[in-house]
Amino acid sequence: MSKPEKRRLESGKAVSAALRQYYKDLWENRPLAWSVVSSNPLNDMCGVLGIQVAYPENYACVCAAQHLSEKYCTIAEAHDYKPELCSYIRNNFGFLLDEGTEHPLGGLPEPDLLTTVSNACLNYLKWFDALRLHFDKPYVVINTPTRMSDEEPPDYYLEYMVREVEDAMAELEKISGNKATAQKLKETAHYSREQAKYWMGLLELNKAVPAPLNFSDLANLIFVPTSLSGTELGVDLLKQAHKEVEERVKNKIGAIPDERHRLILLNIPPWYRLGLSGLFAEKGCVFPFGDYTRYVWCTQDLDDSDPIEHFARKALAFGHTGYGSSCAETLYGSIEDRLAEDIKAYKIDGALVQINKSCKIMSTGVLDMATVMREKFGLPVVVLDADQADERFYADAEVQLRLDAFFEMIGEG
Amino acid sequence: MLPRIKEVDTMMNAIEGINQIAQDMQAYLTDFRNTAGKNVIAVMHPVVPQEVIYAAGLHPIRLFPSIGEPISLAHTNLHIYTSSIFRAIWDQVLKGHYPNVDGVVLPESCETVTFFARGWKWHRPDDFVATLGVRFKKTENAINFFSKEIARLAKTMGDFSGKEVSADSLSGAIRVYNRNRELLRKVYDLRKDESPPISGVEAFKIMMVSFLMDKEENNQLLEQLLDELQNRKEKAKPKARLMVSGPCIVDGRLIETMESSGALVVADDTNTGSRSFWHAVDPNQDPLLALARGYSKVPCPFATSADDRFDYISRMVSEYGVNGVVFAVEKWCESEKMDFPYLEHAIDGKLGVPVTFVETEYLCDMAPIRTRIDGFVESITG
């Protein structure tokens with residue numbers, strides 16, 4: 001079978017250029033914070049104070065895509081970072097402990113400070129705590145609460161988060177020696193809100209048939225609302241992408257040439273096998289929807305009239321509507337009604353569910369989601385076991401076997 | 001039916017009573033529930049202030065799996081990269097093996113517990129599942145938030161039991177629990193002796209029984225135990241003095257295996273050991289804030305930075321004359337594993353105390369662990 005034509009977004013070129021420039025800027029701008037992606041207001045706040053931000057998580061994806069994570073993970077393991085730890089973390093410590101000097105995109109410069117939130121992943125706290133000890137640098141944390149039940153969170157959640165943001169801002173001001181101006185705060189909160197709106201807009205457009213964006217397009221674009229959070233450039237890039245995708249919808253141009261199946265993708269994809277989406281495209285399968293692109297970032301329209309409250313709400317807004325503030329919200333919180341809505345809205349007719357050894361959080365609940373999709377919604381489901389960055393935990397032959405069976409099920413064998 | 005503590009007083013000495021309860025914990029709980037008429041609430045991890053449950057007229061216990069039963073049903077819901085201890089608990093919940101438990105409290109803690117709390121409710125909507133937000137940070141803002149979470153938990157418990165948690169009942173509970181922590185610390189203090197009167201296995205059983213018993217009864221038992229231990233015949237000096245560090249060690253065979261080398265486990269930094277009672281709660285403060293301050297000192301890795309853990313461990317190493325630290329860490333417990341590289345270097349480098357690592361699971365094979373420990377003890381003793 002011939003390989004389907006690749007329909008890359010034109011606006012993706014500008015995003016790639018921004019990414020290259022971003023990695024150059026890391027070496028030129030100081031102070032430099034290492035931080036986490038997620039729905040993280042600290043990244044916006046750093047921008048307000050002229051602090052450049054680097055993301056070891058993103059960098060792990062870059063290393064994985066270049067098939068270097070295995071090397072870095074092995075180095076980390078030799079220093080007793082056990083193989084059961086998240087591969088992003090092992091990749092990060094392996095990179096730090098590597099005695100070689102050749103690294104993808106030139107590597108990451110050493111930070112002047114560490115910052116993190118705890119909304120996406122509990123390990124962020126421990127990982128960056130270990131980095132604090134490694135570098136002996138200041139550590140600024142917004143310790144977001146996890147919403148562990150369906151009950152409406154009490155009012156003190158927001159009060160607590162506002163104070164967390166204020167405290168963190170005071171610490172960042174002290175470290176950077178800069179003062180947050182009202183104008184800069186207002187602008188940044190506005191850009192942060194606009195980016196979330198454009199991101200949600202892209203997801204909304206992807207309900208169209210054929211889907212204008214495949215998972216890989218969204219995974220490339222996610223660089224913008226995370227790494228360029230709260231910037232005018234980020235808004236411009238997403239606006240440009242949004243415009244192009246609108247055109248695609250208007251002209252019924254799909255992300256793949258012959259869309260026959262629309263699948264959900266649950267979990268973080270194996271970054272070292274991004275070619276998997278091409279394999280699915282050959283069988284007429286597109287991924288218009290995934291929990292990674294839909295729920296892991298700030299996908300809410302949050303009022304920006306009070307920038308501090310906007311940042312506090314952003315830290316709490318991880319997930320769906322209301323206070324999500326953790327992956328817990330995205331799993332069992334969405335398993336019935338929300339999943340039904342998404343399946344209907346995105347016209348989903350199958351699912352690829354991944355058990356990810358590294359991300360216990362995104363994997364907790366996916367087995368039940370697979371069962372619900374299969375039994376309640378009657379969808380064909382394939383479950384794969386694959387780490388997000390560590391290739392040693394990915395078996396091509398086994399994956400191929402399962403995919404063959406899945407394609408057989410959907411009439412594409 | 002096994003005798004409860006009042007009968008233990010007259011029939012046997014305290015250590016025999018503890019052994020008997022440890023042998024069949026379910027029987028103790030059945031008897032307690034029937035006679036005291038209290039609902040039982042099982043809590044995960046030492047970070048949950050059980051005082052609020054006690055003050056609501058409920059009986060708090062710690063939530064552990066029974067040992068020795070293969071995990072089967074739970075694998076439908078929880079993948080194999082989750083904590084095997086929690087998977088075993090969930091497995092036994094599904095199999096109906098907690099007939100005496102009326103509800104659970106799941107704190108924001110390790111990933112599996114935190115992120116499966118909703119899963120529990122989704123699968124078993126009729127179960128009583130309460131949750132509690134726990135902070136990693138120790139700032140005033142974090143302590144205030146934690147105290148509000150504890151207040152919310154107290155309200156939930158009061159609603160469940162029908163007995164409102166008042167400031168007075170909470171203060172009373174804090175007194176009982178402080179006494180319990182004080183007595184357990186006295187028992188642990190005996191292990192500082194060159195020839196400790198109790199073994200690590202006995203200390204483990206004392207702890208497991210204290211997690212189960214009514215705290216006032218347990219206080220009586222511990223007082224009796226302390227009296228009896230004063231007259232206990234001196235034991236031989238151990239070959240090596242070990243400290244064990246790790247999350248929930250629920251299988252006593254692990255401690256037995258360590259001690260079969262001729263070493264003695266004289267101290268620990270585990271969820272089933274000192275982490276559960278090393279903190280005190282100030283009885284003279286506002287009870288909710290006092291609980292928040294006290295429990296924010298529980299050194300579980302998910303809520304504690306690695307250097308604070310090192311301070312905790314190093315104090316213990318020095319006070320208990322430890323000459324080897326064994327990290328016994330559950331395979332999928334990431335927060336414990338995250339701290340290990342730092343702690344290993346700090347303990348070895350700054351304290352000059354050797355460290356070894358053994359990986360554990362709910363059901364684990366003791367033979368390789370024994371080989372590892374034998375070699376470690378040999379390396380310490382020369």
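Numbers restart at 1 for each chain; the letters A, B, ... are given by sequence-line order, proteins then strands.
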When the 4.5 angstrom heavy-atom criterion is applied to B:Ile80 and chain A, the contacting part is neither
Looking only at B:Tyr342, B:Trp332, B:Phe302, most heavy-atom pairs under 4.5 Å shared with chain A are made by B:Trp332
So, the part of B:Lys121 with a heavy atom under 4.5 Å from chain A: the answer is neither
The interface call for B:Cys110 against chain A, heavy-atom contacts under 4.5 Å, is backbone
Item to complete: Mark yes or no for whether A:Thr116, through its side chain, and A:Leu125, through its backbone, hold a donor-acceptor pair below 3.5 Å.
Response: no
Query raised in the report: Judged by atom type as modelled, is there a donor-acceptor pair below 3.5 Å linking the side chain of B:Thr114 to the main-chain atoms of B:Glu111?
Result: no
Check whether the side chains of B:Arg309 and B:Thr304 place a donor and an acceptor atom closer than 3.5 Å, and report yes or no. no
So, the part of B:Phe136 with a heavy atom under 4.5 Å from chain A: the answer is both
Under 4.5 Å to a heavy atom of chain B? For A:Asp129 that would be side chain
Chain A shares the most heavy-atom pairs under 4.5 Å, among B:Ala142, B:Ala117, B:Pro301, B:Gly133, with B:Pro301
Ordered numerically, the heavy-atom neighbours of chain A under 4.5 Å found in residues 348-363 of chain B are B:Phe357, B:Glu359
Would B:Lys331 and B:Glu336 pass as an ion pair if we require N to O under 4.0 Å? no
So is A:Lys360 actually on top of B:Tyr81's ring, under 6.0 Å and inside 45° of the axis?
-> no
So, the part of A:Asp385 with a heavy atom under 4.5 Å from chain B: the answer is side chain
**OP:** Verify the ring-centre separation between B:Phe145 and A:Tyr156: is it less than 6.0 angstrom?
**Re:** yes
Highest number of heavy-atom pairs under 4.5 Å with chain A among B:Arg135, B:Arg152, B:Lys148, B:Lys337 belongs to B:Arg135
### Message
Would the distance check show the side chain of B:Arg118 and the main-chain N or O of A:Ser149 forming a donor-acceptor pair, the cut-off being under 3.5 Å?
### Response
yes
_Angle between ring planes, B:Phe160 versus B:Phe128, binned at 30° and 60°: parallel, tilted or perpendicular?_
parallel
Exercise. For the residue pair A:Phe128 and A:Tyr124, categorise the inter-ring angle as parallel (less than 30°), tilted (30 to 60°) or perpendicular (more than 60°).
Key: perpendicular
Comparing A:Ile355, A:Asn123, A:Val141 against chain B, the one with the most heavy-atom pairs below 4.5 Å turns out to be A:Asn123
Among A:Glu164, A:His134, A:Arg163, the residue with the most heavy-atom pairs under 4.5 Å to chain B is A:Glu164
Among B:Leu132, B:Asp307, B:Val129, the residue with the most heavy-atom pairs under 4.5 Å to chain A is B:Asp307
Applying a strict 4.5 Å limit to non-hydrogen atoms, the region of B:Phe116 in contact with chain A is both
Cut-off 4.5 Å, heavy atoms of chain B, and the answer for A:Val372 is side chain
With heavy-atom distances below 4.5 Å as the criterion, would you say the side chains of B:Val93 and B:Trp120 are in contact? yes
If one checks every heavy atom of A:Leu85 against chain B at 4.5 Å, the contacting part turns out to be both
Applying a strict 4.5 Å limit to non-hydrogen atoms, the region of B:Glu344 in contact with chain A is side chain
Test ring-ring contact (aromatic ring centres under 6.0 Å, His included), reference B:Trp90, set B:His79, B:His75, B:His123, output is B:His123
* Using a strict cut-off of less than 4.0 Å between a Lys/Arg side-chain nitrogen and an Asp/Glu carboxylate oxygen, indicate whether A:Asp387 and A:Arg392 qualify as a salt bridge. => no
Please confirm whether A:Phe135 and A:Trp34 have ring centers closer than 6.0 angstrom. yes
| query | Is the closest basic N to carboxylate O distance between B:Arg124 and B:Asp126 below 4.0 Å? | reply | no
